[in-house]
Asker: 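To start, I am sharing the structure in question, which I have written as structure tokens.
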Amino acid sequence: MEPNHLISLSAFCLSLFLGALFFRARRRKFILRDLRGPESRSFWLGHQPEYVYQKETGESEFKWMREYGSAWRVQGCMGEDRLMVADPKALQYMLHTSGYNFPKTPDTSHTIRMLTGDGIGSAQGEIHRRQRKVMAAAFSVPHLKTFLAQFQVTASKLAQKWKDEIATDKNHEPILNLSEWLSRATLDIIGEAGFDFDFGALDDSDNPVTHMYENLFVDSLYHGPFDALFKSFWRFLPESILDLLVYLPRREYRRFRNYLSGIREVSRGIVRKSIVKGDGRDIMSVLLRANGSEDPQTKLSDDEVVDQIGTLLLAGHDTSANSLTWFFWELAKHPESAQEIREEIAAVRARIGARDFSIADLEGMSTMLAALKESMRLHPIVWELSRVAARDDAIPLAFPITTKSGEHITVIPVRKGTHIDMSFCSYGRLPEVWGEDAGEWNPGRFRHVDKEKQISVGLYANLLNFSGGVRGCLGWRFAMIEMQAIAATLLENFEFSLPPQTSETRIIRNPLVLMVPMVEGHMYPWMGLKVRCLD
Ligand code: HEM
Ligand SMILES: *[C@@H]1O[C@H](CO)[C@@H](O)[C@H](O)[C@H]1NC(C)=O
Ligand SMILES: *[C@@H]1O[C@H](CO)[C@@H](O)[C@H](O)[C@H]1NC(C)=O
Ligand SMILES: *[C@@H]1O[C@H](CO)[C@@H](O)[C@H](O)[C@H]1NC(C)=O
């Protein structure tokens, strides 16, 4: 055996032993025991293989939800009891009401740290509060108008690139990998809109920054159930030890390390080029002013500024791109919806002539907006978030559940340290919230949702695609207008359809950290759609 493997193996065994001790101690005081939930077939892995590594996002959860209601017990590694929730009131409580009492789990938080260093995504508690306060200033409503101009420049450029591709295809109907095109477009957008920086990703597919992101999630995060077991020990290790993990001789940790050092290099380059624009509210000015601040409440350190740039590049790039791939996929499957949207866009076009769409124009395209929401409901790219109870607590439920002993309960007591999976993909399909047709494509539902009856959980359209509460997505308005602008431009110019469905083209909803479209058996993202030019 190679010495490298020997080191990994001994580290692994040691943590296994330590962990076993801790879990035995914890199990004794567990109080989720009376909750119903699926039986686990593996002591070591619990249900991890059935949801973290299932073939299609949510398949197991939807089944469990039908059986047990909107909250149930699952098993983590080594017999650890966990709570899984889809109930809106429970989610509201954990995200908003009691947000800072449900921090990210140590393994989630550290994984984010491996990708984004000291950025806001991995910060917790007071540090998080400070960073968030500073950064929120860059995402206010008035700022959207300036962002929109950039969204449109990039959307038009993307449309032109596609027209060129189509012109050179012999049938004028090539299959385009939307994962790739949209990822390049959104990288250019976040570079320009965020930092006045031109990555040139649409112009040059061989661009070094594009390569840094290529398959990042697949390479660094998809490595089988036993890694989940390894990660379940991270909570017992101090941050200083966890920081050494990236030196483990394994492909995925090497990928983390190379990516972070590469993106820090890029971010430092961006900082060197930047100047504070007076009281400018653009993202870069906000960050740099915070670096200059004397007030410890609003100060960002040098390293924090650099890592916020990397964080925003990551958080604001493949997120929007992936959400859009699912949207165009649904429209390819539902041409009647696409046609309805196209008519709506044509009506706006007839009214405004050749000028660009304004924010009001985009917001007025209610059919398109409903379809975007519906696609995000069915395909929340952040399909679950893990949290841990920081103290003994009681989580309220909107919809009572029945326990093993037959009791109907509306509150779930949890002990400090309990691991809770917030299953956003299940919430999106909860019949009590969305109706009996929750599993179906029906954008019309957003026209008549009864706002009074719904419990407010998410930041947007009561979807949880952007999470919510104290750690909700900072860029949600940015992302919505970005997606609306790209969608309107592309739908005005192109028609999308599914290529012939074979095992080589059929899309699965892969539960990576982001829900990424893939073809079964291939380890890269892929959303191949036939694209035809409309004029
Ligand atoms: C459709 C696109 C997007 C989706 C679905 C999305 C979703 C999310 C979700 C679910 C979270 C919570 C993550 C967690 O708690 O671990 C989050 C956080 C965040 N997002 Fe987004 N996001 C999108 C686009 C963007 C964009 C465009 C930006 C910036 C330009 C952005 C910036 C952020 C930041 C800074 C956070 C961290 C907030 C915090 O920890 O306080 N996101 N996003
Ligand atoms: C499709 O695009 C994604 C995202 O850029 C890329 O990682 C993947 O390799 C592409 N797939 C193919 C088959 O080219
Ligand atoms: C932050 O401020 C320090 C001094 O206050 C300065 O040396 C440093 O260059 C600044 N960093 C950035 C990223 O502007
Ligand atoms: C957005 O994502 C969340 C996650 O489930 C999902 O519940 C929600 O239904 C999705 N869409 C909307 C519109 O909420």
Side-chain angles (χ1 to χ4, degrees), residues 94-95 99 102-105 108-109 111-112 116 119-124 127-136 138-139 143 147 151 175-187 189-191 193-195 201 205 210-211 213-219 283 308-327 372 375-376 379-387 422 424 458-460 463-484 486 504-505 513-519 522-528:
M94 295 173 58
L95 293 167
F102 291 94
K104 298 185 181 180
T105 57
T108 316
S109 169
T111 304
I112 299 175
T116 61
I120 185 170
S122 64
Q124 302 256 33
I127 300 177
H128 174 263
R129 214 189 294 260
R130 165 174 57 83
Q131 295 192 1
R132 187 162 171 108
K133 197 166 145 199
V134 171
M135 291 171 72
F139 291 97
H143 212 62
F147 288 144
F151 302 159
I175 297 176
L176 300 181
N177 179 3
L178 264 66
S179 302
E180 182 195 332
W181 283 104
L182 292 168
S183 175
R184 282 159 65 187
T186 53
L187 179 60
I189 285 178
I190 186 73
F195 313 108
S205 59
T210 310
H211 282 311
Y213 284 102
E214 220 158 47
N215 289 8
L216 178 63
F217 288 103
V218 183
D219 289 351
I283 300 177
Q308 300 308 356
I309 297 174
T311 302
L312 290 171
L313 292 177
L314 189 74
H317 157 207
D318 275 336
T319 45
S320 308
N322 264 308
S323 298
L324 278 172
T325 59
W326 293 114
F327 171 72
L372 256 175
S375 155
M376 287 163 67
H379 312 293
I381 55 154
V382 179
W383 54 281
E384 76 150 29
L385 287 174
S386 298
R387 297 290 156 95
M422 301 188 287
F424 292 168
L459 280 170
Y460 178 70
L463 301 184
L464 274 171
N465 302 283
F466 296 110
S467 189
V470 298
R471 296 209 75 124
C473 177
L474 266 180
W476 73 272
R477 287 194 195 88
F478 181 112
M480 281 315 298
I481 297 292
E482 178 185 31
M483 293 193 292
Q484 286 166 262
I486 295 177
E504 285 300 303
T505 55
V513 163
L514 292 186
M515 187 177 87
V516 173
M518 285 190 180
V519 172
H522 293 281
M523 287 314 278
Y524 47 71
W526 168 258
M527 177 58 80

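Start at 1 and go down the list; that is how both ligands and their atoms are numbered.
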Asker: Where on Cys473 is there a heavy atom closer than 4.0 Å to ligand 1, on the side chain, on the backbone, on both, or on neither?
Answerer: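 Under 4.0 Å from ligand 1, Cys473 contributes backbone and side-chain atoms.
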Asker: Provide the number and element of each atom of ligand 1 under 4.0 Å from a heavy atom of Ser320.
Answerer: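 That gives atoms 1 (C), 2 (C), 27 (C) of ligand 1.
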Asker: Heavy-atom contact check, 4.0 Å cutoff: does Pro525 meet ligand 2?
Answerer: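 Yes, Pro525 has a heavy atom closer than 4.0 Å to ligand 2.
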Asker: Evaluating non-hydrogen atoms only, which member of Glu180, Arg184, Met527, Met518 is closest to atom 5 (O) of ligand 2?
Answerer: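 Residue with the shortest heavy-atom distance to the ligand atom: Glu180.
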Asker: As an exercise, identify every atom of ligand 1 less than 4.0 angstrom from a heavy atom of Phe139.
Answerer: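 The list of qualifying atoms is 29 (C), 30 (C).
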Asker: Please list, in number order, the atoms of ligand 1 under 4.0 Å from a heavy atom of Ser323.
Answerer: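 The atoms of ligand 1 under 4.0 Å from a heavy atom of Ser323 are 1 (C).
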Asker: Nearest 0.5 angstrom please: Met376 CE to Leu324 CG, how far?
Answerer: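 Between Met376 CE and Leu324 CG, I get 9.5 Å after rounding to 0.5 Å.
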Asker: For Val516, run the side-chain contact (heavy atoms from CB on, under 4.5 Å) check against Asn215, Asn322, Ile381, Asp318 and tell me which one passes.
Answerer: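 Only one of Asn215, Asn322, Ile381, Asp318 forms a side-chain contact (heavy atoms from CB on, under 4.5 Å) with Val516, namely Asn322.
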Asker: Ignoring hydrogens, what is the shortest heavy-atom contact between Lys104 and Ser109? Give both atom names and the distance.
Answerer: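 Smallest heavy-atom distance, with atoms named: CB-CB, 4.1 Å.
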Asker: State, to 0.1 Å, how close Gly316 and Ile190 come at their nearest heavy-atom pair, and which atoms those are.
Answerer: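 So the two residues come closest at O-CB, 4.0 Å.
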Asker: Between Thr319 and ligand 1, which residue portion shows a heavy-atom distance shorter than 4.0 Å: side chain, backbone, both, or neither?
Answerer: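 The answer is both.
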Asker: Can you tell me how far OG1 of Thr186 sits from CG of Leu313, rounded to the nearest 0.5 angstrom?
Answerer: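 Output value for this atom pair is 10.5 Å.
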Asker: Considering only heavy atoms of Trp526, which atoms of ligand 2 have at least one such atom less than 4.0 Å away?
Answerer: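 In order of number, 11 (N), 12 (C), 13 (C).
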